[in-house]
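See structure below.
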Amino acid sequence: MEMQKTYNPKDFEDRIYADWEQSGYFRAEVDKNKVPFTIMMPPPNITGQLHMGHAMDATMQDTLIRFKRMQGYSALWLPGCDHASIATEVKIVEKMKAEGVTKADIGRDGFLVRAWDWKEQYGNRIMLQQRRLGTSCDWSRQAFTLDEKCSKAVREVFVNLYEKGLIYQGNRIINWCPCCKTALSDAEVEYAEEAGHFWHLRYPATDGSAEVVVATTRPETMLGDTAVAVHPDDERYQTLVGKTLKLPLTDREIPVVADAYVDPTFGTGCVKITPAHDPNDFEVGKRHDLPVIRVMNDDGTMNELAGKYQGMDRYVARKQMVADLEAQGNLVKIEGHTHNVGHCYRCHSTVEPIVSKQWFVKMEPLAKPAIQAVMKNKVKFVPERFSKIYYNWMENVRDWCISRQLWWGHRIPVWYCKDCGKVICTKEDPTHCPDCGSANIHQDEDVLDTWFSSALWPFSTLGYPDMTEDYKYFYPTDVLVTGYDIIFFWVARMIFSGIEHTGKVPFHDVLIHGIVRDELGRKMSKSLGNGIDPLEVIEKYGADSLRLSLLKGIAPGNDTRYADVKVESCRNFINKLWNAARFVLMNTEGKKIPSIEEVKFAPADKWIISKLQNCIRETTTNLTKYELGVAADLVTDFVWDDFCDWYIELSKPALYGEDEKKKTDTLAVLCFVLENALKLLHPFIPFVTEEIYANLPNTKGSIMMTDFPRYNSKMAYKREAKAFEGVMEIIKAVRAMKKDADCPPSKKVELNIVTESKRLIQTNKDCIMKLSGASALNLVDGAVEGKTVSSVTEIAQIYVPLGELVDIEKEKARLTAEIERINSEIERAQGKLNNPSFVNKAPAKLVEAEKEKVKKYEDMKAKCVAQLESL
RNA sequence: GGAGGCGUAGCUCAGUUGGUUAGAGCGCUACCUUGACAUGGUAGAGGUCGGAGGUUCGAGCCCUCUCGCGUCCACCA
């Protein structure tokens, strides 16, 4: 097959993916002869579209899983989607609103029909988009948090926790979203600074003897006040404690209580206590046995206990009440005040702390072993610093509110007996009350927090609670790859869930990455409209270029910026690789290539093979350490600098020469190095490496199923490679000399070389001449007469007669400068050696290196001085 | 209030247990269409690593202080 002059990913990416998928290569088998390696894909929401964050997340995972697969592991990357209870429900309600339909109109069953329709329509979209990236997930095991398998695990886990007393129902202050009309967990509230006010209100004592002034940021909640608190030691208010106050705008009387919660130095030292609408007040209320008066409805309007304000929206009521208080003379003052206001993470409405009966998971017993697991390195965060963030959260976590007043999700598996009040929580749906036998039972209306099922993802997807072959073989998983933004939502909850329900940590490593920002460093967001669609980038540059650009130069845990120019430079790299392959293929065409074992290596061959071995070793190490950015740099640098810029050029004298054996030997090395480079690159840029691999002589099958290159110490050739670098130095020196003398590169020059390494130079004569643009290479014994420019390298002095181009004065200045430079090097090294503490304390190896350096530079200096004198 | 991060070449970023002369991409300068590639080649210019002090034979890396900019958590009504 003919390769085009320019790399064009559109010609093959879709075709190759279809081939892979059809071949079954993505499927992981339970194979006792292999070691499993498992990654669970963080399930994207079914409402979602692929964005840059997904693209990076998926690319990292795909790179790791392809690497491990090639290393011989039974590599499972299990994909799937999250039903995203609240996010999806919000979207469906929005869509219904456009049609003029409400949830009440169609009822629960009708709503669920729509929700499943939605899932059918959009649930697979993002999975299809992921394929464009080249993701090698095992689609045969694709899961969904609301499917039968995952639901079974949810049920099992809920009942177990309930039976252990770790799930309970309680009346507590929770975060309420009046827009979504559901409770939220603490993690689902986002705080943002907002400009607001402090309203100072006067509450007179009922006996007229005194008054207190309280300040509030939410005056509408005063209708639910059931006390005013002061600090027990606050001398100002000693006489007030025990008295009652008249609550303005109502006909209620409320007591003054003493509670240490109050900070006497803040404000007036008097705090209105609203147990139904503030978490701290709720606690104070409990201590003083205060009534809990909730004055707000679920939709954020005032309720029947709000008197004349009933039915008003919370903000309308606020305005009206402030006006009324002012009219009464009970508004003392209004202060400007910025404070943190909580918002729903889905609809961004201001959340309302409200007392409500909800289901909770008791966190303390679960958190302890989860903290231990990380402390004892059973779970390792990469980079390590994220474990601190994890500890900080885990150590201070409050009970998890898991019930949601939504319909889309796992319904809480609890039934209530209407006759005897029994609460029934069982793994099988009950038909009657086990206590009184009544069939008059009904299920709890609420569903579970969407993260309750995500928390089980690493094992629910493998069949838990059933001890399936998959579960036994692939669990615990190996590495979780995700962003730091969901450590609390998800990572932490998977860790304690895994430990509690399976007795094992769900994964050994957590590779944390940052977020992909826009070119200006801003977060990509819908409201800013600065999002970049990965699919458009793929369309323009190809998936491989996008993948590589998302990996090159990234460091674990750090944010990165997306820039077109980065993708472009990666595309350029791939084009380079493409053309290098084209070069090799053009030359191998119709030739019989010997196997690498039969080749007699030239010095350049040993050099590139040595470089290759080094690259194999370093790349493997870094991929194993999850340093994907470093690994990507290593491989691409090897291909571009060592292979393309040097070795391919070095191969040309042999390829265009007369010696057939030399020619085919060189071709064998070219093929060998290219093939290995393709394998090293395959985890990063799977499509183009597959395409080129298919064109290589003597290859069959897919590159993704070949073995990842292994470091071969027999091919290390360290000494030979080092020696050959002396040859390269000469080539570079000649190029620089020509440039310096304004000699056109195309003009062939004569090289006269003084060296002790005569054999090395002689063996590589063709390469030196070809790469430096020389017409002749003479080994001479001393300085050459006449107008020459000269240069000194570690192993040689080079004289190039350039006739009229030679400027003696310029040449003298150059040599003088060179001697100065060498002198400063000698000084630096000698300075170290003259320092007794360096010589005594530094490792012998380093001391030796400094000595060598002095020797080398002294030698070069002598040569430079000799040259200068000869001018 | 607490925790953590960042500050390295004009720009965007690497720099893994402290160890030769601190790297890359893009940009820039000069030259080059040399039988894979101008999405290219060759040769260059350009940082002393935010600042100060300290530990060490040796610090971009460790410690203290300090300046500037993000982030997360908590939250006093």
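Numbered from 1 within each chain, the chains take letters A, B, ... in sequence-line order.
Distances shown here put every side-chain N or O of A/Y391 at or beyond 4.0 Å from the OP1 or OP2 atom of B/C72. A sub-4.0 Å separation between OP1 or OP2 of B/U39 and a side-chain N or O of A/R571 is absent. The side chain of A/K652 contributes an N or O atom lying less than 4.0 Å from OP1 or OP2 of B/A36. At least one side-chain nitrogen or oxygen of A/K576 sits closer than 4.0 Å to the OP1 or OP2 atom of B/G41. Side-chain N/O atoms of A/R561 include one lying less than 4.0 angstrom from OP1 or OP2 on B/C13. Contact between the side-chain N/O atoms of A/N587 and the OP1/OP2 oxygens of B/A36 is not found at any separation under 4.0 Å. Residue A/K388 places at least one side-chain N or O under 4.0 Å from the OP1 or OP2 atom of B/G4. Contact annotation: A/R828 reaches the phosphate of B/U21 (side-chain N/O to OP1 or OP2, under 4.0 Å). In terms of phosphate contacts, A/K5 brings a side-chain nitrogen or oxygen within less than 4.0 Å of OP1 or OP2 of B/A38. The shortest distance between the side-chain N/O atoms of A/W640 and the OP1/OP2 oxygens of B/G41 is below 4.0 Å. Residue A/N280 has a polar side-chain atom (N or O) positioned under 4.0 Å from OP1 or OP2 of B/C76. In this model, the phosphate group of B/A14 is approached by a side-chain N or O of A/N558 to a distance below 4.0 Å at OP1 or OP2.
At the heavy-atom level, A/C270 lies nowhere under 4.0 Å from the strands shown. Note on A/G629: nothing from the nucleic acid sits closer than 4.0 angstrom, heavy atoms only. Within 4.0 Å of A/I389, counting heavy atoms only, lies no atom of the nucleic acid at all. As judged by a 4.0 angstrom heavy-atom cut-off over every strand, A/F488 is placed among residues touching the sugar-phosphate backbone only. Residue contacts shown for A/T6 include a base, since a base heavy atom lies under 4.0 Å away. If you check every strand for non-hydrogen atoms under 4.0 Å, A/V584 touches nothing. As judged by a 4.0 angstrom heavy-atom cut-off over every strand, A/A849 is placed among residues making no nucleic acid contact. Across all strands shown, A/K625 has heavy atoms under 4.0 Å from base atoms, whether or not it also approaches the sugar-phosphate. Using a 4.0 Å heavy-atom cutoff across all strands shown, A/D645 reaches sugar-phosphate atoms only and no base atom. Contacts of A/S746 with the nucleic acid, taken as non-hydrogen atoms under 4.0 Å apart, are absent.
Shown here for A/K748 and A/A774, the closest heavy-atom pair between the two residues is CD-O, 3.6 Å. Nearest heavy atoms, A/F381 versus A/I512: CD2-CG1, 4.1 Å. Across every non-hydrogen atom of A/K566 and A/R561, the tightest pair is NZ-O, 2.6 Å. Listed here is the closest heavy atom pair of A/P9 and A/Y541: CG-O, 3.5 Å.
The listed nucleotides are B/A36, B/U39, B/U16; the one nearest the side chain of A/F583 is B/A36. Listed candidates were B/G40, B/U21, B/C31. Nearest to the side chain of A/P745 is B/C31. Here B/G19 is the nucleotide among B/A43, B/C26, B/G19 with the atom lying nearest to any side-chain atom of A/P843. The side chain of A/H339 sits closest to B/A77 out of B/A36, B/A77, B/A14. In this structure, of B/A43, B/G4, B/U20, it is B/A43 that holds the atom nearest to the side chain of A/R735. Considering only the side chain of A/D263, B/A77 comes nearest among B/G19, B/A77, B/C57. Listed nucleotides B/U16, B/U21, B/A74 differ in distance to A/Y857; the shortest reach to its side chain belongs to B/U21. Among the nucleotides B/U16, B/G40, B/A77, the one closest to any side-chain atom of A/N572 is B/G40. Of the candidate nucleotides B/C72, B/A77, B/G15, B/G15 has the atom lying nearest to any side-chain atom of A/A555. Considering only the side chain of A/I648, B/A36 comes nearest among B/A14, B/G25, B/A36.
Between A/Y647 and A/F643, the two ring planes are parallel [angle under 30°; tilted spans 30° to 60°].
Here A/F838 does not lie in a stacked arrangement on the base of B/G58, lacking the combination of planes under 30° and ring centres under 5.5 Å apart.
Nearer to the 5' terminus of RNA chain B, by closest-nucleotide assignment, is the contact made by A/S837 (compared with the other of A/R517 and A/S837).
One N or O donor and one acceptor, one from the side chain of A/E649 and one from the base of B/A36, sit under 3.5 Å apart. A/K739 contributes a side-chain N or O that forms a donor-acceptor pair with the base of B/A30 under 3.5 Å.
Glycosidic conformation of B/G70 is syn; the angle stays within 90° of 0.
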Please step through side chain to side chain donor-acceptor pair (under 3.5 Å) for the pair A/S772 and A/K738, ending with a clear verdict. CA-CA 9 Å; A/S772 63; A/K738 288 171 80 173; over 6 Å; no
Check the pair A/K855, A/E852 against salt bridge (charged side-chain N to carboxylate O under 4.0 Å, His left out), reporting the backbone distance first and the verdict last. CA-CA 5 Å; A/K855 213 176 118 199; A/E852 296 255 327; 5.5 Å; no
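In this entry the distance linking CG of A/L548 with P of B/C26 reads 13 Å, nearest Å.
Across A/E825, A/E827, A/R828, a single residue satisfies side-chain contact (heavy atoms from CB on, under 4.5 Å) together with A/Y857, and that is A/E825.
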